[in-house]
*Asks:* 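This structure is in C-alpha cells; I'll ask about it shortly.
Throughout, a chain's letter reflects where its sequence line sits, starting with A, and its residues are numbered from 1.
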Amino acid sequence: MPVVSPETYLAGLNPAQRDAVLLTEGPVLVIAGAGSGKTRVLTHRVAHLIGAVGAKANEILAITFTNRAADEMRTRLWDLLEDDARGLWVLTFHATCGRILRREAAHLGYKTNFTIYDQADQVRLVKNVLEELERDTKRFVPRGIHAQISNAKNQLVSPDAYRERVASFYDQTVADVYDLYQRRLHAANAVDFDDLLMLTVDVLERFPEAREKWQKAFRYVLVDEYQDTNHAQYRLLQLLAQRHLNLFAVGDPDQSIYAFRGADIRNIMEFERDFPGTQTIALEQNYRSTNAILGAANALIRNNTERKEKNLFSDLGIGDPVRVIELEDEHAEARFVAVEIARLVEEGFNGDEIAVFYRTNAQSRVLEDVLVRQGIAYQVIGGPRFYERAEVKDLIAYLQVLDNPFDTVSLLRIANRPRRGIGDTSIGRLQTYANGHGISFWEALEFPEQAGLAAASTRAVNGLRTLILALQSDLDRPVAGIVEDVLQRSGYTESLEAERTVEAQGRLENLQELVSVAREYQEQAEEPSLSSFLQEISLYSDQDALRGESSLVTLMTLHNAKGLEFRAVFMIGLEEGIFPHARSIEEQSLEEERRLCYVGLTRAQERLTLLHASSRALYGGRTYNIASRFLDELPDEHVERERLAPTSWKARSPAPPIAPRTDVPTLSTGDSVRHGTLGEGVVTRIEAGGVVTVRFSGDGSERRLVLDYAPLEKIAS
DNA sequence: ACTCATCGATTTTTT
DNA sequence: ATCGATGAGT
C-alpha cells in the first residue's frame with residue numbers, strides 16, 4: 001500500500017510543477033529555471049508514478065550526473081515514500097551503466113568484476129601505451145592524447161571509426177594509441193569512465209535480447225540536468241526509453257556549462273524533434289531569489305541566442321539592489337569582500353549562508369590570505385579529494401590487484417610501494433618479457449629470472465608475488481579485515497610509521513579512514529564482497545561525503561556552484577580576460593561563459609555583489625583589465641554601480657573588532673593542538689606573520705589559522 | 001634511488 | 001608567481 005496520497009504530493013505545487021508531475025505518459029521536457037523546484041518535481045513525480053499510476057519501484061530509473069544529486073534525490077524519495085522507495089534505480093549515469101554492464105559483461109568478453117579506471121589510471125595507461133609504441137611523450141602529451149580518446153568515446157567513436165577519419169599525423173598517433181589502449185584495457189579486465197557509457201550503448205545496440213530486456217525493465221526514465229548530457233548519454237537514454245517512450249527530461253539550456261567536457265546543448269534544444277509527441281513545460285517561478293537578482297540574471301542571459309525563451313520571477317519582492325563594484329586591484333577586492341562578509345555576519349548572516357565565486361581556482365589565494373588574517377572561517381571547495389590522495393590510491397590499487405591481478409595499472413602502481421627493491425629496470429624487463437610472450441604483467445612475475453633479473457631483484461619479485469597470492473587466499477571475509485591485512489602484510493603501515501613525519505601521520509589517518517569506509521560498507525551492503533566494495537568506491541569519489549561543516553564561508557569556482565544557493569553571494573574578477581576567460585573569447589564560446597555567469601547570479605537569494613579590479617597580478621606580471629562585458633549587459637534598474645578609490649571604503653568599515661589574544665601559544669610543526677570548535681589536529685606548517693596550518697583529525701581537513709586570533713591550544717609536541 | 005635545477009604551461013570538472 | 005614534470009647529477 002502506498003504511503004503517500006495525491007493530496008500529500010500535489011499540495012504546494014504550482015500549476016506548471018503539477019503538470020510535470022501528472023503528465024506521466026510519453027516524452028516530457030521540463031525547462032526548469034534556476035531555483036524553480038525541479039528536484040521537488042522529480043521526486044513528487046516518482047511518488048505519483050508509484051502511488052497513483054501503479055508503477056513498481058524497480059521499473060523507475062532516475063538518472064543524475066553526480067553522486068551528490070543522486071544521494072539527495074534518494075534521501076528525499078525515502079522521506080516521501082519510505083518502504084515503497086525500495087528497488088528504485090536512483091543512480092548516476094555511470095553507476096547505471098556499471099550495473100547494466102556487470103550483467104552483460106560476458107557479451108563483450110569481460111568478467112563481471114571488471115576494474116574501473118579513474119582519470120589518473122587512464123592517463124597512466126595512455127602513457128604506458130605511448131612508451132610501448134615508442135612515441136615521443138614530449139610531442140604527444142599523455143594528457144592531451146587521453147583527452148582526445150575521451151572525446152571520441154563521448155561521441156561513440158570506436159578506435160576503427162577514429163582511424164578512418166584521421167586527418168593529421170597527430171591524429172594518426174591518437175588512433176594508434178586509442179586502439180592499443182582499448183586492447184590493454186580489455187586484457188586488464190578494466191574499463192574507463194567513458195567505456196561505462198560507450199560499452200553499455202554498444203551492448204544495447206548489438207545484442208537485441210539484452211536491449212529488449214533493459215527496455216522492458218524501465219517503464220519510466222527520468223533524467224536530471226539534461227542540458228549536460230553528451231552524445232553517449234543521449235544515445236543511452238534513447239535506447240533505454242525506446243519501448244515505453246516515457247522519457248522525462250529536466251534541464252535548463254541556460255545552465256549548460258560543460259561543453260568543454262563533451263556536453264552537447266543540442267540534446268536539450270532538439271529534444272522535441274528527437275522525441276516526437278513531446279510535451280514541454282517551463283518552470284519559470286523561482287523560489288530562491290529576489291526580483292532584483294532575477295532581473296539582472298534575466299537581462300544578462302537575454303544576450304544569448306542559443307536558448308529557449310524564459311523569464312524568471314519570484315514573489316520574494318524586489319529586495320536589495322545588485323551591487324557592481326570596481327576596486328584598485330585584487331588585494332583591495334579581497335579586503336572588500338572580507339569586510340563585507342564581516343558586516344553580513346554582524347547583521348546576523350551565518351558564515352555558511354555566504355559564498356564567494358571565481359572563474360579560476362588560482363583566484364582563491366589572495367582571498368584566502370585576507371580571510372585568514374581577518375579571522376573569517378572559510379572552506380575552499382574543490383581541493384584534492386580523499387580518493388585521489390596517493391596513499392588511498394595505493395591501498396585501493398592493492399585491493400584491485402587482489403580482486404583482479406590482470407589490472408596492470410594497479411599492479412605497476414604497487415609493485416614497489418612500499419619500496420621492496422623492484423626498480424624501474426626490473427619493471428621494464430618484466431614488461432618486455434610479458435609483451436614478448438603475450439602474457440600479462442602479473443603472469444610475468446612468475447618468471448623473473450627468465451626476464452633477465454638479477455638475484456636480488458628476483459627475490460624481491462618473488463616476495464611480491466607470494467604476498468599477493470597469500471592475500472588472495474582469503475578474500476571471502478569482511479572487507480575491512482582484508483584492508484587491514486593488506487596494510488600490515490605489505491609493510492605499508494610500517495614504512496609510513498618509520499617516516500615519523502607529520503605528513504606520514506596524516507597519510508596513516510587517511511588509510512584508517514578507508515578502513516572505516518570498508519566497515520560501513522560491510523554493514524550497509526546487501527551482498528558484501530571485495531569486488532562490489534571496489535565497484536562502489538570507484539564510482540564514488542565525491543568529496544561531499546567528507547565535508548559539511550558548520551558555519552564556514554564557502555569559496556569555490558563558478559562551475560562548482562551549480563545547484564547550490566546562498567543568502568549572500570560575491571562574484572570576483574568580473575573582467576575581460578578573466579571572466580569571460582581569454583581562452584573562451586578566443587574559442588568563441590562566449591555564450592557558455594555567459595551561462596556560467598548566469599549560474600553564478602542565480603545562486604544568490606538576497607544579496608549579490610559583483611566585483612572587478614582595475615589591475616590584477618597574473619602570471620608574474622600585472623594586467624590592466626576592463627570591466628567584463630557581462631557587467632555592461634546588466635540592467636540599470638536595481639543595479640547599483642560604485643567605484644571605490646583605494647582608501648575611501650576602508651574608512652566606512654573598520655576591521656572587525658576582535659581583540660588579539662594575549663596568551664598566544666608557541667608552536668612548531670608536528671605539535672598536536674586543540675581548537676575551540678574544530679577539535680584536535682596537528683600543525684603541518686608555520687608561516688611568517690603568525691599563520692599556522694593545522695590538519696584536523698576529525699575530518700582530515702587542513703586549515704590555515706592566525707595564531708593571534710584562533711582559539712588554539714597546544715596539547716603535545 | 002633520491003635531490004635539485006630548469007623548462008613550460010597556466011579555465012572550467014564528474015564519473 | 002607557481003606548480004609540475006623531466007633530466008642530470010650525487
*Asks:* Strictly under 3.5 Å: I want the nitrogen or oxygen pairs between protein and nucleotides 1-10 of chain C, one per line.
*Replies:*
| unit_1 | atom_1 | unit_2 | atom_2 | d |
| --- | --- | --- | --- | --- |
| C:dT2 | OP1 | A:Arg365 | NH1 | 3.4 |

*Asks:* Salt bridge check: are A:Arg261 and A:Asp228 linked by an N-O gap of less than 4.0 Å?
*Replies:*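 No.
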*Asks:* Could you list the residues that satisfy ring-ring contact (aromatic ring centres under 6.0 Å, His included) with A:Tyr492, not counting sequence neighbours?
*Replies:*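 In terms of ring-ring contact (aromatic ring centres under 6.0 Å, His included), with neighbours along the sequence ignored, A:Tyr492 is linked to no residue.
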*Asks:* By nearest atom, which of the nucleotides B:dT13, B:dT15, B:dT11 is closest to the A:Asn67 side chain?
*Replies:*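 For the A:Asn67 side chain, the nearest candidate turns out to be B:dT15.
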*Asks:* Going by salt bridge (Lys or Arg N to Asp or Glu O under 4.0 Å), name the residues that satisfy it together with A:Asp403, two or more places apart in sequence or in a different chain.
*Replies:*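 For A:Asp403, no residue satisfies salt bridge (Lys or Arg N to Asp or Glu O under 4.0 Å) once neighbours in sequence are set aside.
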*Asks:* Please determine whether a side-chain nitrogen or oxygen atom of A:Asn560 lies at a distance below 4.0 Å from atom OP1 or OP2 of B:dT13.
*Replies:*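 Looking at the OP1 and OP2 atoms of B:dT13, one of them is under 4.0 Å from a side-chain N or O of A:Asn560.
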*Asks:* Who are the side chain to side chain donor-acceptor pair (under 3.5 Å) partners of A:Gln431, not counting sequence neighbours?
*Replies:*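 None.
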*Asks:* Which nucleotide in the list B:dT15, B:dT12, B:dT13 gets nearest to the side chain of A:Thr360?
*Replies:*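 Shortest atom-to-atom distance from the side chain points to B:dT12.
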*Asks:* Which of these nucleotides, B:dT15, B:dT11, B:dT13, is closest to any side-chain atom of A:Ser584?
*Replies:*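 Out of B:dT15, B:dT11, B:dT13, the nucleotide with an atom closest to A:Ser584's side chain is B:dT11.
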*Asks:* Round to the nearest Å and state the distance from A:Asn361 atom CG to B:dT12 atom P.
*Replies:*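 Roughly 5 Å, once rounded to whole Å.
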*Asks:* Roughly, in whole Å, what's the span from OH in A:Tyr598 to C1' in B:dT12?
*Replies:*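 Roughly 20 Å, once rounded to whole Å.
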*Asks:* Which residues pass the side chain to side chain contact (heavy atoms under 4.5 Å, CB included) test with A:Ala190, sequence neighbours left out?
*Replies:*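 A:Thr115, A:Tyr117, A:Leu185, A:Ala188.
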*Asks:* Is there a stack between A:Phe260 and B:dT12, judged by ring centres under 5.5 Å and planes under 30°?
*Replies:*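 Answer is yes, a stack.
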*Asks:* Determine if A:His559 stacks with B:dT12; use a centre-to-centre distance below 5.5 Å and an interplanar angle below 30° as the criteria.
*Replies:*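 Stack criterion not met.
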*Asks:* What is the separation between atom NE2 on A:His94 and atom C1' on B:dT13, rounded to the nearest whole Å?
*Replies:*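 Taking NE2 of A:His94 and C1' of B:dT13, I get 12 Å after rounding.
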*Asks:* Provide, to the nearest angstrom, the distance between the CD atom belonging to A:Glu593 and the P atom belonging to B:dT13.
*Replies:*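 In whole Å, B:dT13 P and A:Glu593 CD are 12 Å from each other.
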*Asks:* For A:Gln119 and B:dT12, give me the distance from atom CD to atom P, rounded to whole Å.
*Replies:*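 Going from A:Gln119 (CD) to B:dT12 (P), I get 14 Å.
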*Asks:* Taking the six-membered ring for Trp, are A:Phe579 and A:His612 closer than 6.0 Å centroid to centroid?
*Replies:*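 Distance test on ring centres: not under 6.0 Å, no.
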*Asks:* Can you measure A:Glu586 atom CD to B:dT10 atom C1' for me and round it to whole angstrom units?
*Replies:*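 From A:Glu586 CD to B:dT10 C1': 12 Å.
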*Asks:* Given atom OH of A:Tyr258 and atom C1' of B:dT11, what is their separation to the nearest angstrom?
*Replies:*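 Taking atom C1' of B:dT11 as the reference, OH of A:Tyr258 is at 12 Å.
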*Asks:* For a quick check, tell me whether the side chain of A:Arg359 and the base of B:dT12 share a donor-acceptor pair closer than 3.5 Å.
*Replies:*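 By the distance-only test, yes, there is a pair.
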*Asks:* OP1 or OP2 of B:dA1 versus the side-chain N and O atoms of A:Asn416: is any pair under 4.0 Å?
*Replies:*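 Answer yes for this pair, as a side-chain N or O of A:Asn416 is under 4.0 Å from OP1 or OP2.
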*Asks:* Identify, with sequence neighbours excluded, every residue that meets salt bridge (Lys or Arg N to Asp or Glu O under 4.0 Å) alongside A:Asp407.
*Replies:*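 Salt bridge (Lys or Arg N to Asp or Glu O under 4.0 Å) check on A:Asp407 returns nothing, list empty.
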*Asks:* Could you state the atom-to-atom distance from CG of A:Asp228 to P of B:dT12 in whole Å?
*Replies:*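 A:Asp228 atom CG is separated from B:dT12 atom P by 18 Å.
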